[in-house]
Amino acid sequence: MTTSTFKSTGHTEGVRRPGRWLALSVLVLAVLLVAVDATVLGLATPFLSEDLKPTGTQLLWIGDVYSFVIAGLLVSMGSLGDRIGRKKLLLVGATAFGAVSVLNAYATSPETMIVARALLGVAGATLMPSTLALIRNLFHDPRERSLAIGIWGAMASAGAAVGPVVGGFLLEHFWWGSVFLINLPVMAVLVLVGVKLIPESKNPNPGPWDLPSVALSLVGMIGVVYAIKELASHGPSPDAGLAALAGAGALTWFVRRQLTLPAPLLDMRLFRHRGFSGAVLADLLTILGLSGLVFFLSQFFQLVQGRQPLEAGLAELPAAVGAVTAGLVAGVAARRFSVRSVVTAGLAAVGLSLAVLTGLDQHTGYPLLGAALLVVGIGAGFAFTVTADVILSSVPKEQAGSASAVSETAYELGAALGIAVLGSIVTGVYRGFTVPAGVPSDVASAAHESLGGAVEASASLAPQTATALVSAGQEAFVDGLRIAAGVGAAVLLATAVAAWFLLRGQKLADGIEH
């Protein structure tokens with residue numbers, strides 16, 4: 001069936017496209033993989049460091065450049081998909097993602113690895129908005145589309161929690177490059193199935209792709225995300241200040257330029273829609289709470305409670321289970337009750353779970369932690385899925401790629417902010433701990449950098465002194481985690497109140513689109 005036939009048919013068989021669920025399963029696999037790739041490298045870092053011997057700065061770039069590039073290019077790639085065809089962009093991106101994964105796996109120097117990670121980010125930026133926009137074109141029945149977006153959102157949320165499990169398993173059995181090679185079979189299936197089953201869709205009157213806007217978007221997003229991460233890692237610095245100014249300046253110029261263009265890269269007028277703006281804000285802050293919690297609990301499980309990487313990854317699975325379960329029923333719940341009550345309840349659930357963690361200590365049992373992660377996953381699954389549906393449903397089909405890119409940018413920014421804002425609190429509190437007597441100054445300096453650094457540095461000390469140093473570091477880390485959980489809880493609960501007012505009267509579509 002051609003695209004034109006598919007668009008024009010008004011019958012149920014035209015609306016309910018054959019093979020749409022199989023096509024969806026391939027699309028969400030791609031989303032899961034991109035999300036996993038953002039977190040899987042964390043566990044591989046010690047092995048990679050031993051092999052490639054990067055400097056501290058190079059190691060930071062290897063870890064961060066992927067998310068910098070994705071965040072910087074999402075809006076541009078969403079708009080490009082609207083113009084050249086979302087299926088075409090997805091298949092080209094998937095092929096590139098597979099090819100560049102090989103370059104990552106077999107990198108022989110830190111410089112090659114940084115370039116390879118940046119290229120993987122470019123390919124990842126083509127996949128994320130294309131998948132969500134194509135769901136809009138595959139599912140014309142809004143109830144089916146809500147379920148499809150629920151599955152998509154669940155995979156996006158679950159990726160952060162699945163990454164450590166996959167990484168832990170691979171690193172216990174293979175070498176560090178294996179965490180990239182798992183991308184190849186998935187991307188091969190995506191391309192082979194996608195060619196047959198995914199319909200092409202694009203804006204029939206797109207206008208030109210504005211390259212100055214692309215550059216401003218890239219500079220603006222990378223500047224802001226870099227400043228946030230720099231602030232979290234090293235506190236206030238001239239570098240972070242300059243990056244923040246450059247990023248904010250470029251984004252301001254980007255917004256002003258979009259308002260004057262006849263065919264903007266991103267239609268800023270969408271944000272005048274109260275429901276759209278409220279959904280984007282809720283989207284961003286839901287992921288802030290989820291990613292911040294998962295990131296720091298991963299360190300807590302390994303460095304404070306002494307679990308192995310695979311065990312630590314499995315301990316975080318309740319978040320993924322909760323997100324998947326809630327995502328599947330979120331559309332039904334939003335129609336049964338209301339959009340604002342489901343989103344507000346989801347945000348409040350994440351906030352209250354973070355509040356519970358303000359009572360955390362080194363010996364907190366797993367049942368409480370597992371329950372908190374499950375509730376966070378359920379809350380995030382409800383809120384993230386319904387807001388993604390609202391964002392996608394509140395724009396014309398022609399702008400699906402741009403709207404999807406806004407949703408994805410909120411996701412990426414939320415993840416960066418979650419780790420950075422909560423991270424700066426954890427790091428700030430952690431660095432203030434008192435080093436036990438008898439610890440040399442160079443070891444004390446390394447111990448103050450991070451809890452991982454304290455564990456590594458303690459190996460050179462006498463057993464009793466080493467134990468005292470690690471215990472002091474663990475205690476400080478948990479203190480920081482408690483305060484960060486309290487701040488996260490306050491932010492999420494305040495957002496829940498804001499969502500109640502911003503999403504007033506917002507409904508999900510019911511009638512079938514033709």
Side-chain angles (χ1 to χ4, degrees), residues 34 61 64-97 99-100 114-134 136 200-227 242-271 280 391 395-413 416:
V34 173
W61 278 105
D64 292 340
V65 72
Y66 176 77
S67 55
F68 285 168
V69 174
I70 281 190
L73 284 176
L74 278 169
V75 169
S76 301
M77 291 303 182
S79 178
L80 183 63
D82 287 344
R83 285 162 167 76
I84 68 168
R86 294 154 198 145
K87 174 181 176 177
K88 187 183 296 177
L89 186 66
L90 179 79
L91 296 180
V92 169
T95 306
F97 201 88
V100 177
I114 291 167
V115 172
R117 288 287 288 166
L119 291 173
L120 201 65
V122 175
T126 67
L127 296 175
M128 295 294 267
S130 297
T131 54
L132 189 52
L134 283 164
R136 174 80 186 256
E200 184 57 283
S201 69
K202 61 181 175 182
N203 186 341
N205 302 298
W209 200 50
D210 186 54
L211 286 176
S213 295
V214 173
L216 288 170
S217 164
L218 184 63
V219 171
M221 290 300 298
I222 289 180
V224 169
V225 174
Y226 175 80
L242 279 173
L245 279 174
L251 289 178
T252 304
W253 191 358
F254 173 82
V255 170
R256 294 181 70 170
R257 185 172 178 83
Q258 301 319 294
L259 292 170
T260 60
L261 289 172
L265 202 67
L266 176 64
D267 188 355
M268 302 309 298
R269 285 173 282 273
L270 292 174
F271 289 94
V280 171
I391 289 167
V395 300
K397 264 193 294 189
E398 293 73 26
Q399 291 180 299
S402 294
S404 305
V406 171
S407 178
E408 284 304 321
T409 304
Y411 181 97
E412 286 298 324
L413 259 185

Closest heavy-atom pair, L216 versus A250, reported as atoms and distance to 0.1 Å, is O-CB, 3.7 Å
L218 CG to L211 CG distance, which is reported to the nearest 0.5 Å:
12.0 Å
Residues which pass side-chain contact (heavy atoms from CB on, under 4.5 Å) with V115, listed by chain and number, not counting sequence neighbours:
L119
Taking the side chain as everything from C-beta on, heavy atoms only, tell me whether L90 gets closer than 4.5 Å to K87.
no
Side-chain heavy atoms of V122 within contact of M77, under 4.5 Å
yes
Measure the spacing between CD1 of I70 and CE of M221 and express it to the nearest 0.5 Å.
11.5 Å
Which heavy atom in G124 sits nearest to a heavy atom in F97, and how many Å separate them?
N-CD1, 3.7 Å
Between V224 and L251, is a side-chain contact (heavy atoms from CB on, under 4.5 Å) present by the stated rule, with each step listed?
CA-CA 9 Å; V224 169; L251 289 178; 3.8 Å; yes
Shortest non-hydrogen contact from V280 toward F271
CG2-CE2, 4.3 Å
Between M268 and L259, which heavy-atom pair has the shortest distance, and what is it?
CB-CD2, 3.8 Å
Does anything in residues 247-266 pair up under salt bridge (Lys or Arg N to Asp or Glu O under 4.0 Å), and if so which pairs, sequence neighbours excluded?
D210-R257
Are S213 and L261 close enough that some pair of their side-chain heavy atoms sits under 4.5 Å apart?
yes
Listing request: all salt bridge (Lys or Arg N to Asp or Glu O under 4.0 Å) pairs with a residue in residues 65-81, at least two apart in sequence or in separate chains.
none
